[in-house]
Amino acid sequence: MSDRRSGRCHTFRYATPAHRGGRRRTRRGGLGSISIIPTSPDAPAQIISHHGRRGEFMNDKHIGFIGAGQIGEPMIERLLGAGRTVSVFARRPAVRERLAAAGATLVRAPTDLADVDVLIACLFDDDQISTVCVPVIELLRPGAVFVSHTTGSPKLLRELSDSVEAAVVDASFSGTAEGIRSGALTVLLGGSEDAVEVAERVIGDYADRILRTGPLGSGLSIKLINNMLFAACTQLTLTALELAGSLGIDEDHLLAALETTSGGSTAARYIAASPLPAGEFAAHLPHFLSKDVAAARAVAEDIGLDIRNLERATRLGPMDLHQPSPTPIG
């Protein structure tokens, strides 16, 4: 569980009989998350808490961070607030100034992070991982861990893992910058058990719900499927709002109804929470959603998965989600 008042996160593991099909379950309590990891169906109930050794485990770890953008910057803030030693590569002067004032060490080049124990990247796409991060990862020592929050191809991370001495973990996430600043974030971790253990202890400083999804690339695959579904739901919700407008129904009234009726969704809640009218809010989404749709399509091609029905659903609305464009590195 995570105590947001202290900035600490504690993970409790339960080994329970039956496990409902051997699936890991995560339950959220008032203070954060409880991760339930199945072992064998006949295992007695166990609770293993990291509370007593978390600080000892991580306080001497040097954390590097690449990608101090809208999402990465609050992650770094949370790490610094938890007392971590964090070195950051950031290009924008205003971001560098803010993070330096918060206690981060700023480096001039990504390769200056080659001596860190845990390297975290929160970038826009695979191209940025390849051009910015790979030269650093190749220099990391054995035992170091590279954690990628970037939404891209699992294939790239698996190929990277096979070619470097450091361990690689995919750490797809779901949440907002505002949520991260309050310690509310869901992260899906895929990778080897030991590497995921290290990543979980670091990420717990800014995430309250951490799900271990299996081997390297599994968390990213789940995120890509989720993103396709979210894009489709957003398109359909915007189409429904246009329909409501043609009937003379105020969009706020429809959105309010969707909050408590069966047609509601996370997409509808995001639109309702925006201070902008739905049309203006939607104008900002293709920059991000189009990249997610393209990434999901690329992954599907890599593994021979037919996602044509989901892809068609992402076209059923006013947004053009099939022309991805790059964004600057934070």
Side-chain angles (χ1 to χ4, degrees), residues 1-2 4 9 11 23-29 32-36 67 69-79 120-126 147-154 157 169-191 196 199-200 202-214 216-237 259 264-274 281 284-296 299 307 310 313-314 321 327 330:
M1 293 183 292
S2 73
R4 297 182 190 171
C9 174
T11 301
R23 299 175 63 187
R24 174 193 171 136
R25 296 171 54 80
T26 299
R27 300 174 182 168
R28 298 186 68 170
S33 67
I34 298 176
S35 297
I36 305 174
Q70 182 181 8
I71 295 297
E73 185 174 1
M75 290 178 174
I76 296 167
E77 291 170 356
R78 292 283 301 187
L79 290 169
I120 302 173
C122 190
L123 299 174
F124 187 69
D125 57 18
D126 284 342
V147 179
S148 177
H149 285 306
T150 301
T151 300
S153 171
L157 294 184
V169 173
D170 67 285
S172 300
F173 65 88
S174 178
T176 64
E178 294 75 15
I180 294 169
R181 287 192 167 92
S182 64
L185 183 71
T186 296
V187 179
L188 312 175
L189 294 181
V196 165
E200 187 176 76
V202 179
I203 291 170
D205 286 330
Y206 51 80
D208 66 342
R209 187 177 178 87
I210 299 174
L211 308 178
R212 298 189 184 190
T213 58
L216 180 62
S218 58
L220 190 49
S221 296
I222 291 172
K223 173 67 184 298
L224 291 170
I225 294 171
N226 171 81
N227 287 353
M228 289 286 283
L229 188 58
F230 177 74
C233 288
T234 302
Q235 290 278 47
L236 292 174
T237 302
E259 289 182 4
S265 64
T266 299
R269 290 195 297 272
Y270 280 8
I271 295 171
S274 171
F281 176 74
H284 298 281
L285 293 179
H287 179 70
F288 300 99
L289 292 182
S290 59
K291 181 260 299 185
D292 295 337
V293 170
V299 170
I307 61 167
L310 263 181
T314 67
L321 302 182
T327 193

Validation row: [X], [Y] side chains within 4.5 angstrom (heavy atoms):
X: Val147; Y: Val202; value: no
X: Leu79; Y: Ile120; value: yes
X: Val187; Y: Arg209; value: no
X: Tyr270; Y: Thr234; value: no

Using 0.5 Å steps for rounding, measure from the [atom1] atom of [X] to the [atom2] atom of [Y].
X: Ser153; Y: Asp125; atom1: OG; atom2: CG; value: 11.5 Å
X: Leu229; Y: Asp292; atom1: CG; atom2: CG; value: 12.5 Å
X: Ile210; Y: Glu200; atom1: CD1; atom2: CD; value: 5.0 Å

Item to check | Ser174-Thr186 side chain donor-acceptor pair, cut-off 3.5 Å | outcome: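 No pair is found: no donor N or O on one side chain lies under 3.5 Å from an acceptor on the other.
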Can you name the nearest heavy-atom pair linking [X] to [Y], along with the distance?
X: Leu321; Y: Ala231; value: CD1-CB, 3.9 Å
X: Ala171; Y: His149; value: O-ND1, 2.7 Å
X: Gly175; Y: Ile71; value: O-CD1, 4.5 Å
X: Thr314; Y: Gln235; value: O-NE2, 2.7 Å
X: Ile180; Y: Met75; value: CG2-N, 3.7 Å
X: Arg181; Y: Glu77; value: NE-OE1, 3.0 Å

Checklist entry - Of all residues at least two apart in sequence or in a different chain, which pass the ring pair (Phe, Tyr, Trp, His ring centres under 6.0 Å) check with Phe281? => result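 Counting only residues at least two positions away or on another chain, Phe281 forms no ring pair (Phe, Tyr, Trp, His ring centres under 6.0 Å).
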Item to check | Result of checking Thr213, Asp170, Ile203 against Leu189 for side chain to side chain contact (heavy atoms under 4.5 Å, CB included) | outcome: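 Considering Thr213, Asp170, Ile203, a side chain to side chain contact (heavy atoms under 4.5 Å, CB included) with Leu189 is found only for Ile203.
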Next on the checklist: Exactly one of Leu220, Leu157, Asp126, Leu123 should register a side chain to side chain contact (heavy atoms under 4.5 Å, CB included) with Ser148. Which one does?
Outcome noted: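 When side chain to side chain contact (heavy atoms under 4.5 Å, CB included) is applied between Ser148 and each of Leu220, Leu157, Asp126, Leu123, only Leu157 qualifies.
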Next on the checklist: If the condition is side chain to side chain contact (heavy atoms under 4.5 Å, CB included), which residues does Arg269 pass it with, not counting sequence neighbours?
Outcome noted: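 Result, side chain to side chain contact (heavy atoms under 4.5 Å, CB included) vs Arg269: Thr266.
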